Amino acid sequence: FRMFSVKLVTFFALLECASAMRDQSIAVTGKFLCGDKPAAEMRVKLWEKDSGPVPDEQLDEDYTDADGRFTLSGGTVELTPIDPILKVYHDCDDVLPGYRKVKFVLPKSAITQGPVPTKTYDIGVINLETIFKEEERELVVSKRSLRFRRGGVNEEMDDTEIIEQEKQQTAENEDNKRKKESSSESASSEERFF
């Protein structure tokens with residue numbers, strides 16, 4: 001009987017913890033400038049910062065449009081209020097390798113209860129020429145950003161060859177993965193017969 005009551009108490013404790021977990025979401029929009037020009041094709045990410053041993057969780061990612069505008073949204077399930085962070089990776093007013101990485105802590109008032117945001121927090125217009133406190137560097141550059149730095153996909157520069165190379169590389173990677181999985185499956189089935 002004692003073991004049953006311990007299991008029953010444990011069950012109800014876990015049930016209480018699970019019911020305390022809640023869906024939370026956030027949406028953020030804004031515009032970035034580089035001096036007097038739009039900061040186009042800059043990578044933006046929405047994160048939920050966790051403390052302790054739990055890793056931070058990426059909620060959304062995109063690039064600013066030709067006007068420097070962006071909108072991100074995402075959500076997660078947490079026991080306590082989420083800590084949303086907007087990260088921007090840009091090369092405005094920068095000559096060093098990689099990108100400047102700036103973090104903006106978003107206010108708790110921007111959080112929506114539920115899996116889908118019902119409001120959007122507008123950070124306004126921010127000039128990325130500004131030097132921000134605790135700025136970091138990100139050395140990994142995406143192929144999309146490299147194309148944009150060279151002029152991007154437009155009438156003056158045809159990136160069809162680069163895009164086709166990327167598609168071919170992706171297809172080759174998938175073929176290699178399938179071959180590797182197939183060879184490991186056949187190897188394991190041969191081991192069963194010997």
Side-chain angles (χ1 to χ4, degrees), residues 1-34 39-65 67-92 94 98-128 130-145 170 173-174 177 181:
F1 179 73
R2 181 175 170 87
M3 185 62 136
F4 174 74
S5 62
V6 168
K7 287 182 180 179
L8 189 60
V9 168
T10 303
F11 171 75
F12 282 114
L14 289 173
L15 187 62
E16 184 66 28
C17 282
S19 66
M21 299 294 279
R22 57 184 191 248
D23 280 315
Q24 301 172 65
S25 56
I26 186 168
V28 60
T29 191
K31 179 177 180 175
F32 291 113
L33 298 174
C34 182
E41 289 293 315
M42 298 300 158
R43 189 168 41 155
V44 288
K45 294 182 179 184
L46 181 60
W47 286 82
E48 195 281 310
K49 183 172 175 33
D50 281 308
S51 56
V54 179
D56 294 349
E57 182 179 355
Q58 184 174 317
L59 304 177
D60 198 7
E61 173 182 10
D62 203 355
Y63 289 81
T64 56
D65 66 14
D67 293 325
R69 296 184 187 283
F70 72 94
T71 299
L72 298 175
S73 66
T76 188
V77 177
E78 292 281 332
L79 183 61
T80 58
I82 61 174
D83 296 311
I85 306 279
L86 174 66
K87 296 181 182 180
V88 184
Y89 304 81
H90 67 94
D91 59 355
C92 179
D94 188 37
Y99 284 82
R100 293 170 58 192
K101 179 167 94 172
V102 181
K103 297 178 189 176
F104 298 95
V105 177
L106 302 175
K108 301 282 188 202
S109 62
I111 300 169
T112 299
Q113 299 304 316
V116 178
T118 57
K119 58 187 174 185
T120 301
Y121 180 73
D122 190 343
I123 65 165
V125 179
I126 297 174
N127 193 328
L128 295 174
T130 305
I131 304 298
F132 297 92
K133 185 177 180 182
E134 299 181 23
E135 211 173 273
E136 299 174 16
R137 296 221 48 90
E138 178 84 8
L139 296 179
V140 177
V141 179
S142 70
K143 290 182 181 179
R144 178 175 175 173
S145 297
T170 301
N173 290 345
E174 288 174 3
K177 184 178 177 183
E181 289 171 356

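Nothing fancy with the numbering, it's 1 onward along the sequence. All of these numbers come straight from a predicted model, not from anything done at the bench. We use all heavy atoms of the structure for the numbers below, so side chains are in, but hydrogens, waters and symmetry mates are not.
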Please check: side-chain N/O of [X] versus main-chain N/O of [Y], any donor-acceptor pairing under 3.5 Å?
X     : Y      : value
Asp50 : Asp56  : no
Ser73 : Ile26  : no
Lys49 : Val105 : no

### Query
For the atom pair OH (Tyr63) and CE (Met42), what is the distance rounded to the nearest 0.5 Å?
11.0 Å
### Task
Could you tell me the separation between the OH atom of Tyr121 and the CG atom of Leu86, rounded to the nearest 0.5 Å?
10.5 Å
### Task
Could you list the residues that satisfy side chain to side chain donor-acceptor pair (under 3.5 Å) with Ser25, not counting sequence neighbours?
none
### Message
Checking Asp83 now: which residues fulfil side chain to side chain donor-acceptor pair (under 3.5 Å) with it, not counting sequence neighbours?
### Response
Lys108
### Message
Assess, by modelled atom type and distance only, whether the side chains of Glu48 and Thr76 contain a donor and an acceptor separated by less than 3.5 Å.
### Response
no
Find out whether [X] and [Y] are in side-chain contact, i.e. whether some heavy atom of one side chain is under 4.5 Å from a heavy atom of the other.
X      : Y      : answer
Phe104 : Val28  : no
Ile85  : Lys45  : no
Thr118 : Gln113 : no
Glu138 : Arg43  : yes

[X]: partners by salt bridge (Lys or Arg N to Asp or Glu O under 4.0 Å), with sequence neighbours left out:
X      : result
Arg137 : Asp94
Glu136 : Lys101, Lys103
Asp65  : none

Heavy-atom closest pair, residues [X] and [Y]:
X      : Y      : answer
Leu72  : Leu46  : CD1-N, 3.7 Å
Thr130 : Glu135 : O-OE1, 3.9 Å
Ile82  : Gln24  : N-OE1, 3.0 Å
Thr80  : Arg22  : C-NH2, 3.8 Å

#### Entry: Check against side-chain contact (heavy atoms from CB on, under 4.5 Å), Ile123 and Phe70
CA-CA 10 Å; Ile123 65 165; Phe70 72 94; 3.9 Å; yes
### Query
Can you list the steps and then say if Phe132 with Val88 is a side-chain contact (heavy atoms from CB on, under 4.5 Å)?
CA-CA 11 Å; Phe132 297 92; Val88 184; over 6 Å; no
### Task
Apply side-chain contact (heavy atoms from CB on, under 4.5 Å) to the pair Phe32 and Leu128, showing each step before the final yes or no.
CA-CA 7 Å; Phe32 291 113; Leu128 295 174; 3.6 Å; yes
### Query
Which residues satisfy the side chain to side chain contact (heavy atoms under 4.5 Å, CB included) test with Thr29, sequence neighbours excluded?
Thr71, Thr120, Asp122
